[in-house]
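The structure presented is a predicted model; accordingly, all values stated were derived computationally and were not measured.
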Protein chains: 2
Amino acid sequence: MYIRSMYSKELLKGTLTAIILKLLAEHEKMYGYEISQHVKELTGGKIHLKDGSLYPALQKMTADGLLSYKEEYIGKRVRKYYFLTKKGQKEKVAYLEELKDFIGTLNKIVFPQLKSI
Amino acid sequence: MYIRSMYSKELLKGTLTAIILKLLAEHEKMYGYEISQHVKELTGGKIHLKDGSLYPALQKMTADGLLSYKEEYIGKRVRKYYFLTKKGQKEKVAYLEELKDFIGTLNKIVFPQLKSI
DNA sequence: GAATATACATAGAATTATGATGTATCAAAA
DNA sequence: TTTTGATACATCATAATTCTATGTATATTC
């Protein structure tokens, strides 16, 4: 059994990379399971990153040079601690700016009665 | 040649239906080209709905029972004026609530220094 | 008359989160 | 002690949606 996010999966698209970049910018290093727990807590369970989304995303971001990782063993169990590369630190800014601007733009269309953020 | 939106196409995913529902809730009836122009103006050119996105979306929403349309002729050129069905009016509320909540949640993760909206 | 804007359409490609499934360790409860 | 649930990673096929590219045709403006 798995827990379903309260949002349609399409809404998440394009935001996962920004979320990961943001968390890693704040935490120095995190492992996958820790990231998913953190997001779940931060959002009151509203966003639940699935294994099938998170681990491939981390791998892709690593392949793209945004992240690197080192393995640590807790007993016999391996953890991959991910951290931002120089490139990841730089691109984080652009990703978050784009997302921020996009949210502002969406608000303008959908909730014009609200002040822009 | 075509105009590229300033956002990665993935960011738009899941928002197009909500945007269309919102505009049609405000305008009674609109045709496709009019919707795309309206969005372009509203967002200062930041969101440019492509033909290949907009027309299939309108068709899908019609198939899903959210929209209906009637054709009008301007000279020899046809326009399809779309409008919300009863179902579309009802589901609009849920779509926009979900989007609003999602934006609020995203803000909590990515811009925790800002007040929630 | 040529270029641009209006107005619709479809098909294939690309992207990305998901669902399903698998492996394995560890802690706690029954 | 066995079994349940949590921890921790992984891969693959599928689904969903937008985009790119292309096509057709009319209307307007230069």
Original post:
When you measure from the side chain of Gln59(A), which nucleotide among dT11(D), dT10(C), dT16(C) comes out closest?
Top reply: dT11(D)
Original post:
Counting side-chain heavy atoms from CB outward, which of dT6(C), dT18(D), dT15(C) is closest to Leu16(B)?
Top reply: dT18(D)
Subject >> Nearest-nucleotide comparison on DNA chain D, the residue closer to the 5′ end among Gly14(B) and Ile74(A) >> reply: Ile74(A)
Subject >> Nearest-Å distance for atom pair OH/P, residues Tyr31(A) and dA6(D) >> reply: 15 Å
**OP:** Report which part of the nucleic acid Gly75(A) touches: base, sugar-phosphate, or nothing (heavy-atom distance under 4.0 Å, all strands).
**Re:** sugar-phosphate
**OP:** Give the rounded distance in Å between these two atoms: NE2 of His38(B) and P of dA7(C).
**Re:** 15 Å
Subject >> Whole angstrom value for the distance that separates C1' of dA27(D) from OH of Tyr73(B) >> reply: 16 Å
Original post:
Quick one: which of dC19(D), dA17(C), dA16(D) gets closest to the side chain of Ser53(A)?
Top reply: dA17(C)
Original post:
Expressed in angstrom and rounded to an integer, what is the separation of Met30(B) atom CE from dT6(C) atom C1'?
Top reply: 15 Å
**OP:** Could you please name the option among dT17(D), dA8(D), dG19(C) that lies closest to any side-chain atom of Lys50(A)?
**Re:** dG19(C)
**OP:** Please work out if Lys76(B) contacts a base, only the sugar-phosphate, or nothing of the nucleic acid, heavy-atom cut-off 4.0 Å.
**Re:** sugar-phosphate
Original post:
Side chains of Ile19(A) and Leu106(B): does their closest heavy-atom pair fall under 4.5 Å?
Top reply: yes
**OP:** Please figure out whether Gln37(B) or Lys80(B) has its closest DNA chain C nucleotide nearer the 5' end.
**Re:** Gln37(B)
Original post:
Roughly, in whole Å, what's the span from CD1 in Ile47(A) to P in dA17(C)?
Top reply: 12 Å
Original post:
Choosing from dA7(C), dA10(D), dA15(D), which nucleotide comes nearest the side chain of Lys9(A)?
Top reply: dA15(D)
**OP:** Classify the nucleic acid contact of Arg77(A) as base, sugar-phosphate or nothing, counting any heavy atom under 4.0 Å across all strands shown.
**Re:** base
Original post:
Under the salt bridge (Lys or Arg N to Asp or Glu O under 4.0 Å) test, which residues partner Lys13(B), sequence neighbours left out?
Top reply: Glu10(B)
Original post:
With a 4.5 Å heavy-atom cut-off, do Leu42(B) and Leu23(B) have their side chains touching?
Top reply: yes
Subject >> Interatomic distance, Tyr69(B) OH vs dC8(C) P [rounded to whole Å] >> reply: 11 Å
Original post:
Rounding to a whole Å, what distance do you find between Leu49(B):CG and dT6(C):P?
Top reply: 15 Å
Original post:
Taking OP1 and OP2 of dA9(C), is either one under 4.0 Å from a side-chain nitrogen or oxygen of Tyr55(B)?
Top reply: no
**OP:** Indicate yes or no: at least one non-hydrogen side-chain atom of Lys100(B) is less than 4.5 angstrom from one of Val110(A).
**Re:** no
Subject >> Comparing Glu34(A) and Pro56(B) on DNA chain D - which has the more 5′ nearest nucleotide >> reply: Glu34(A)
Original post:
Checking all strands, does Leu54(A) fall into the base, sugar-phosphate, or nothing category for heavy-atom contacts under 4.0 angstrom?
Top reply: nothing
**OP:** Find the distance Lys60(B):NZ to dT10(C):P and express it as a whole number of Å.
**Re:** 15 Å
Subject >> Sub-4.5 Å side-chain heavy-atom contact between Thr15(B) and Leu12(B) >> reply: yes
Original post:
The side chain of Arg79(A) lies closest to which of these nucleotides: dC9(D), dT17(D), dC19(D)?
Top reply: dC9(D)
**OP:** Please find out if less than 6.0 Å separates the ring center of Tyr81(A) from that of Tyr69(A).
**Re:** no
